[in-house]
Asks: 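Just passing along the structure, written as structure tokens.
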2 protein chains.
Amino acid sequence: MMFSIGELSKIVGLKVPTIRYYEQMGLIDPPERSRGNQRRYSKAEVQRLSFVRHSRELGFALGEIRDLLRLSVHPNQPCCDAHVIAQRHLEATVAKIKKLQRLKKELERISKCDSNALSSCSVIETLADHQLCISDH
Amino acid sequence: MMFSIGELSKIVGLKVPTIRYYEQMGLIDPPERSRGNQRRYSKAEVQRLSFVRHSRELGFALGEIRDLLRLSVHPNQPCCDAHVIAQRHLEATVAKIKKLQRLKKELERISKCDSNALSSCSVIETLADHQLCISDH
DNA sequence: TTTAATTCCTCTAGTGACTAGAGCTACAAG
DNA sequence: CTTGTAGCTCTAGTCACTAGAGGAATTAAA
């Protein structure tokens with residue numbers, strides 16, 4: 001049961017060049033090759049890459065994922081490291097959400113006037129208004 | 001009333017190399033120079049760069065900001081373009097918020113167990129669990 | 001079995017929005 | 001007039017890919 005890189009790509013939902021990139025970055029070991037030098041993957045790589053993809057979707061950086069993978073292989077002591085990584089990430093996420101919600105409000109304000117009315121442009125105006133609020137935010 | 005790039009930097013809250021970068025990218029015109037070839041800015045640049053900074057904080061890409069600046073100079077007809085830019089941006093923002101809120105929930109679940117208890121690591125476990133959910137998300 | 005289509009290979013370069021550093025020059029304060 | 005800070009240009013690095021060139025291998029159909 002060996003997969004070509006294209007098959008693996010479909011299974012795990014990562015593009016082919018991305019998989020090669022992850023190999024290059026040391027997130028997966030270089031796989032076996034066919035006689036013609038093409039990569040051949042087993043189920044282990046499916047698992048590992050799914051882990052990587054899932055972690056990426058959760059917003060972890062490749063370096064953090066590398067750490068997590070290392071931890072998952074030696075799952076004894078330095079588990080708190082994993083918690084630290086996740087906790088730090090949670091805090092950053094909460095901050096991002098807050099910022100985006102403020103952004104959303106502002107964008108709604110900006111783009112709610114109907115653009116068919118050929119009135120003066122609220123987008124430019126709103127952004128221009130903020131030319132004046134130099135010191136805050 | 002002319003500013004050096006360092007003074008301008010403090011006024012608008014952008015780093016010095018960032019201002020030079022914005023000049024290079026065509027977001028601001030090349031400013032006047034001192035006899036010794038140093039950049040000298042007036043209030044117009046303060047306004048324009050504040051506009052750029054504000055727009056960046058709202059998450060607009062430099063290309064979009066360039067468009068918006070162009071529109072703000074010719075504020076007559078193609079104002080709907082600005083609305084389109086802002087609307088597109090609003091949609092992307094809403095999508096991002098949703099994704100991050102899902103992420104937040106998952107991270108909370110991941111990191112809520114106390115890491116002092118030397119139990120098995122919930123971070124790795126949780127991420128590993130998701131090795132199995134290959135087809136969805 | 002041959003051919004054609006598709007997939008794979010490596011390598012280089014590009015993206016966006018900066019950031020860092022080298023090596024040099026200008027300016028302001030004492 | 002000297003010293004220290006701030007400025008200059010230019011190149012290269014960051015992150016996580018993505019795109020393309022030019023060629024080889026694999027697979028399916030004829």
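Note that the structure is a prediction, hence the values are computed from the model and not measured. Naming convention: chains lettered A, B, ... in sequence-line order (proteins, then strands); numbering from 1 in each chain.
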Asks: Taking the nucleotide of DNA chain C with the nearest heavy atom to each, does B:Ala61 or B:Arg40 sit closer to the 5' end?
Replies: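 Per heavy-atom nearest nucleotide, the more 5' residue is B:Ala61.
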
Asks: Does anything in residues 19-29 of chain A form a side chain to side chain donor-acceptor pair (under 3.5 Å)? List the pairs, not counting sequence neighbours.
Replies: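 For residues 19-29 of chain A: A:Glu23-A:Arg39.
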
Asks: For A:Gly36 and A:Arg56, take the nucleotide of DNA chain D holding the closest heavy atom to each; which residue's nucleotide lies nearer the 5' end?
Replies: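 Of the two residues, A:Arg56 wins.
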
Asks: Which residues, if any, of residues 16-35 of chain B bring a heavy atom under 4.0 Å of DNA chain C?
Replies: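 Under 4.0 Å from DNA chain C: B:Thr18, B:Tyr21, B:Tyr22, B:Ser34.
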
Asks: Roughly how many Å is it from CZ in A:Phe60 to C1' in D:dC15, rounded to a whole number?
Replies: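 About 17 Å, once rounded to whole Å.
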
Asks: Which two nucleotides bound the region of DNA chain C that has atoms under 4.0 Å from heavy atoms of chain A, read 5' to 3'?
Replies: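 The contacted stretch runs from C:dC8 to C:dT10.
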
Asks: To the nearest Å, give me how far apart OH (B:Tyr41) and C1' (D:dC8) are.
Replies: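 Spelled out: OH on B:Tyr41 to C1' on D:dC8 is 11 Å.
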
Asks: Any side-chain N or O of B:Arg39 less than 4.0 Å from the OP1 or OP2 oxygen of D:dT9?
Replies: yes

Asks: Minimum heavy-atom separation for B:Leu27 and B:Arg48, please, with both atom names.
Replies: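 The pair with the smallest heavy-atom distance is O-NE, 2.9 Å.
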
Asks: Show which side-chain atoms of residues 3-19 of chain A pair as donor or acceptor with protein atoms under 3.5 Å away, not counting sequence neighbours.
Replies:
residue: A:Ser4; atom: OG; partner: A:Gly6; partner atom: N; Å: 3.4
residue: A:Ser4; atom: OG; partner: A:Glu7; partner atom: N; Å: 3.2
residue: A:Glu7; atom: OE1; partner: A:Ser4; partner atom: N; Å: 2.9
residue: A:Ser9; atom: OG; partner: A:Leu14; partner atom: O; Å: 2.7

Asks: Considering only heavy atoms, which members of residues 2-9 of chain A lie under 4.0 Å from some atom of DNA chain D?
Replies: none

Asks: Quick check for you: to the nearest 0.5 Å, what is the distance between A:Gln47 atom CD and A:Glu45 atom CD?
Replies: 10.5 Å

Asks: Under the side-chain contact (heavy atoms from CB on, under 4.5 Å) rule, collect the residues that match up with B:Glu64, sequence neighbours excluded.
Replies: B:Phe60, B:Ala61, B:Ile85, B:Arg88, B:His89

Asks: Starting from the 5' end of DNA chain D, give me the residue, A:Lys15 or B:Lys10, whose nearest nucleotide shows up first.
Replies: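 Nearest nucleotide further toward 5': that of B:Lys10.
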
Asks: Is the side chain of A:Arg66 donor-acceptor paired with the backbone N or O of A:Met25 at a distance under 3.5 Å, no angle test?
Replies: yes

Asks: Using 0.5 Å steps for rounding, measure from the CD1 atom of A:Ile65 to the CZ atom of A:Arg56.
Replies: 6.0 Å

Asks: Going from CD on A:Glu32 to OG on A:Ser42, what distance comes out if it is rounded to the nearest 0.5 angstrom?
Replies: 7.0 Å

